[in-house]
2 protein chains.
Amino acid sequence: MDNEFIKQEMNVTGEGFLPGLAIDTVIFGFHDDELKVLLLSYKHTDLYALPGGFIHVDEDVNEAARRVLFSRTGLINIFLEQFYVFGDKSRHDATPLKTIMKARGFTPPEDHWLLKRFVSVGYYALVDFTKAIPTPDSISDSCDWFGLDNLPTLMQDHRQIIGKALQTLQANLDHKLIGFNLLSENFTMGDLQRLYETVLNKKLIRAAFQRKMLALGILERLAKKWTGGAHKAPYLYRFVARD
Amino acid sequence: MDNEFIKQEMNVTGEGFLPGLAIDTVIFGFHDDELKVLLLSYKHTDLYALPGGFIHVDEDVNEAARRVLFSRTGLINIFLEQFYVFGDKSRHDATPLKTIMKARGFTPPEDHWLLKRFVSVGYYALVDFTKAIPTPDSISDSCDWFGLDNLPTLMQDHRQIIGKALQTLQANLDHKLIGFNLLSENFTMGDLQRLYETVLNKKLIRAAFQRKMLALGILERLAKKWTGGAHKAPYLYRFVARD
DNA sequence: TATTATTGTATCATTTTGTTACAATAATAA
DNA sequence: TTATTATTGTAACAAAATGATACAATAATA
């Protein structure tokens, strides 16, 4: 029996947390021309789950989401936004947690706070894949990136949560200019276009894309990048906020 | 002392509701070329509040929002969407509710469930002003429409909630084509343009507006409408979903 | 019957977007 | 050293969308 675990993560009263309310975060990264999300593998089950957590009684909900994001990636000052509240009564499923608890030698009472219905606030984050340091939490074996069309079996409604997060990302990519958050600080126009094409899942016209991005006046052109490829070296760009 | 009130609305345990979670609904209507919201005036205080409520333990959060909307307006099948979760710890203020309770002869204990911190899921609804039947709830004196630039003093962060709802409406008006929900079934092009101008708070070019709306292919042209004005009678239109 | 206000739409100018083309490289092969 | 190749940056033109103006078609009123 893991006393530390039970004390910290599965205390009997749920004291110190807002009851019945949770956070689930879809953390997007971009690598190998693929959009990926960070997933935890739950101990003693074959299920995966989104990084999530609970809200301390003296903590803003948005703060809690930043804390979760930091705990799983080590990152601060990251694009992070609410996108939906998952509040259907049918989404509740205590089985995986019960399994984990029992495997740890703890048989929870039926009315244990963690086994009750939870409403979850969905957040999505856009991070630089190369900067994030995936870190499992105490009830997980691992924390890893998964390509969006290569997702493992997920807990509860976490697959739907990812789906809705992707929809939101697609809808906001352009007019909120949030795509840059998925790239490293310096990037080529090709990098940016491949990102857009991956997220929107459609081909874009190169000349028009470049013209449009440059016309936005939010890109600073830096030195050229010698790629080692048999062709002209592309410029590097950096995102700069307007005014 | 109002026993019914205390039993139904301010029961000591909060039994039957999800704890710490509430719903606030910004119900928009359009009348006299003005965008209006439905507000309740709280008994025994000079404060106004958004229509809101709590979520039954066996009820989806979205269901609860529809129930609130129906209770205050008598309307079903209405455009209603989540737009933000208001979860800052600082938004909590138990004073108005305490005042109401005391005025009713009920002195609540400090740990009464209604006086604790609440996280609120914000919804906005778009309704036909002429169809809604404003109906106060049991802790309110009245339920009335208020013009957006003529709002009374509101409880807690309800003013910010309205502000954020308006931003969401403005951002979604065009690409989600939700404006029609604010008009009655049949309307003239002028009605529609005035609605757009009011929501977006800017003048639109009449010819271009008409051309664009007609090009969308979502308007059915009906008989002309004799307005009694000294000019050509405008057509009436009806919104029809595509495909 | 003329006047007035508004509607519906045509017309042309301007801006934005789609498409094609081509010069400018940076590596590799001949 | 000199082609060859792949990709980049941008020009040039076409097509589509939007802005701006104009005007004929009413429906009431004078």
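Owing to the predicted nature of the structure, the values given are computational and were not obtained by experimental measurement. So that the names make sense, note that chain A is the first sequence line, chain B the second, and so on, each numbered from 1.
A search for ring-ring contact (aromatic ring centres under 6.0 Å, His included) contacts involving F129(A) returns H31(A), W145(A), not counting sequence neighbours. With sequence neighbours excluded, the residues satisfying side-chain contact (heavy atoms from CB on, under 4.5 Å) with A64(A) are I23(A), I55(A), E59(A), R67(A). Every residue meeting the ring-ring contact (aromatic ring centres under 6.0 Å, His included) condition with F146(A), not counting sequence neighbours, appears here in chain and number order: Y48(A).
Proximity note for K232(A) (side chain, C-beta onward) versus dG9(D), dT26(D), dT9(C): the nearest is dG9(D). Checked against dA26(C), dT7(C), dG9(D), the side chain of P234(A) finds its nearest nucleotide in dG9(D). Closest contact between the side chain of A207(A) and the listed nucleotides dT17(C), dT19(C), dT7(D) involves dT19(C).
At the heavy-atom level, L214(B) lies under 4.0 Å from the strands shown only through sugar-phosphate atoms.
Across the protein-nucleic acid pair, F209(A) atom CZ and dG9(D) atom C1' stand 14 Å apart, rounded to whole Å.
The ring pair (Phe, Tyr, Trp, His ring centres under 6.0 Å) pairs that include a residue from residues 172-208 of chain A are F180(A)-F187(A), F180(A)-F239(A), Y196(A)-F209(A), where partners are two or more places apart or lie in different chains. Applying the side-chain hydrogen bond (donor to acceptor under 3.5 Å, both in side chains) definition to pairs two or more places apart or across chains, those involving residues 203-223 of chain A are E220(A)-R238(A), R221(A)-Y237(A).
Pairing analysis of DNA chain D (Watson-Crick: purine N1 to pyrimidine N3 plus N6-O4 or O6-N4; G-U wobble: N1-O2 and O6-N3; both under 3.5 Å) yields stems of 3 or more pairs at C:1-30 with D:1-30.
Between the side chain of R211(B) and the base of dG8(C) there is no donor-acceptor pair of N/O atoms closer than 3.5 Å.
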